[in-house]
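Each remark here refers to the structure printed beneath this line.
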Amino acid sequence: MAPEESGAVARAIAWSTAVLLVVPMVVVVALAVNGSQYVQFQLPPDDVSLKWLREVADSPLWRSALMQSVKVALLSAVLATALGTACALGIRNSRYAGVVQTLMLLPLIVPLIVTALAIYPLWVDLGLLGTTAGLVIGHTVVAMPFAFLTVWSSVGTLDPQLEKAAASLGAGSWQVLRRVTLPLIAPALLASVIVAAAMSFDEIIVSLFIASPQTQTMPVVLWSHLRENLDPTVAAASVFMAAMNLVILFVGIAAGRWAVKRRGAAR
């Protein structure tokens, strides 16, 4: 196959994939702006209305769930990144780095439903069931492997001579960490926070086991509505969730560009 033909095939596959990814969002938006009392798809809608979006925005239940999701996502992302960074830095010169890395990635192999079933009785004994703290720790368990992988890829490229040079100039261990090591892996830390936040914001399986009616996250409330009362507010809430994920995506893109510029300036 000629290079031009292979390029055309690659572009066709890329555009087809992009369309397949966008179509569900188009359907959800069409359902959310349809003024009908029932969930029905029409493009363009006969009666375009924002009443379902306004109903979700004005609902104390949905607003509380959204704020809970944002709060849990931010806290668990920071905690997962801190723990993942500590682990990555702690094992980089260890002979057992491979073993620890395997243990850190085990949650990716275990199905989430198994993780949730294991967490539930432990949280009952610890009094964390139905609390925001319990949700944060549970989401941290789910997100930490991704945070660790993100930071570990950057830690592996660190030049130890830079840290040795700082130490030879009189810097203590804490100063080397704060002024040399962490600034060098700062782009990876930011990427880790973004990835962990995205994982937490969309997490539902563990949340279903841990959350109480007072600490429900957005996916849990959405799941309850899908089971009990399927109406256009479900589509409207999905639009808000998609918007939050787009915000996380744009922050990630901006962080990536900042990292590229920072690396170029360092050179």
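Val110 and Met199 fall within the same hydrophobic cluster, where Ile, Leu, Val, Met, Phe, Trp and Tyr residues are linked whenever their side-chain heavy atoms come under 4.5 Å apart, directly or through other members. By the rule that hydrophobic residues join a cluster once side-chain heavy atoms approach within less than 4.5 Å of another member, Leu184 and Leu89 end up as members of one cluster. Note on Val114: it clusters hydrophobically with Leu208, by side-chain heavy-atom contacts below 4.5 Å among ILVMFWY residues. A continuous path of Ile, Leu, Val, Met, Phe, Trp and Tyr side chains, each step under 4.5 Å between heavy atoms, connects Met244 with Leu61, placing both in one hydrophobic cluster. There is a path of hydrophobic side-chain contacts, each under 4.5 Å, that joins Val234 to Leu66.
Residues Gly130 and Ser212 share a closest heavy-atom pair of O-OG, 3.1 Å. Here the shortest heavy-atom pairing between Ile91 and Gln101 reads CD1-N, 4.4 Å. Minimum interatomic distance between Met241 and Pro219 (heavy atoms only, all atoms of both residues): CE-CG, 3.7 Å. For Trp223 against Ile204, the heavy-atom pair with the smallest separation is CB-CD1, 3.5 Å. Minimum interatomic distance between Ser154 and Ala188 (heavy atoms only, all atoms of both residues): CB-CB, 3.3 Å. Contact record, Gln216 with Val220: OE1-CG1, 3.6 Å, taken as the closest heavy-atom pair.
Counting heavy atoms from C-beta on, the side chains of Val136 and Thr140 come closer than 4.5 Å. Counting heavy atoms from C-beta outward, Ser200 and Val142 have side chains that stay 4.5 Å or more apart. Using a 4.5 Å heavy-atom cutoff, the side chains of Phe201 and Thr217 are not in contact. Proximity of Met104 to Leu83: side-chain heavy atoms (C-beta onward) are nowhere separated by under 4.5 Å. Two residues are said to be in side-chain contact when any heavy atoms from C-beta on lie closer than 4.5 Å; Glu203 and Leu112 meet this criterion. In this structure, Leu149 and Leu108 have side chains that are in contact, with non-hydrogen atoms separated by less than 4.5 Å.
A donor-acceptor pair shorter than 3.5 Å cannot be found between the side chains of His139 and Ser76. Counting only N and O atoms by type, the side chains of Thr150 and Ser192 include no donor and acceptor under 3.5 Å apart. Side-chain contact of Gln68 with Thr132: a donor-acceptor pair under 3.5 Å is present, judged by distance alone.
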Q: Take Val70 and Met218, measure what side chain to side chain contact (heavy atoms under 4.5 Å, CB included) needs, and give me the verdict at the end.
A: CA-CA 9 Å; Val70 171; Met218 195 82 167; over 6 Å; no
**Q.** Leu53/Phe240 under side chain to side chain contact (heavy atoms under 4.5 Å, CB included): CA gap, chis, key distance, verdict
**A.** CA-CA 8 Å; Leu53 293 171; Phe240 280 103; 4.0 Å; yes
Q | Chi angles and distances behind the side chain to side chain contact (heavy atoms under 4.5 Å, CB included) call for Leu135, Ser207 | A | CA-CA 7 Å; Leu135 278 172; Ser207 300; 4.0 Å; yes
Q.
Could you go through Ile210 and Val206, starting from their C-alpha distance and side-chain angles, then the distance that decides it, and tell me whether this counts as side chain to side chain contact (heavy atoms under 4.5 Å, CB included)?
A. CA-CA 6 Å; Ile210 299 175; Val206 173; 3.3 Å; yes
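To the nearest 0.5 Å, atom CG of residue Leu190 and atom CD1 of residue Ile185 are 12.0 Å apart. Atom CG of Leu189 and atom OG1 of Thr85 lie 4.5 Å apart (nearest 0.5 Å). Separation of atoms NZ (Lys71) and OG1 (Thr215) is listed at 9.0 Å; rounding is to 0.5 Å.
A perpendicular orientation is assigned to the rings of Tyr120 and Phe209, their planes being inclined by more than 60° (bins at 30° and 60°).
Among residue pairs with one or both ends in residues 144-178, those qualifying as ring pair (Phe, Tyr, Trp, His ring centres under 6.0 Å) are Phe148-Trp152; sequence neighbours excluded.
Of the possible polar contacts, one joining the Trp123 side chain to the Gly134 backbone as a donor-acceptor pair under 3.5 Å is found. Counting only distance, with no hydrogens or angles, the side chain of Arg63 and the backbone of Asp58 share a donor-acceptor pair below 3.5 Å. Thr81 places a side-chain N or O within donor-acceptor distance of the main-chain N or O of Ala77, the cut-off being under 3.5 Å.
When each of Ile119, Leu122, Val124 is checked for a side-chain contact (heavy atoms from CB on, under 4.5 Å) with Leu129, only Val124 meets the rule.
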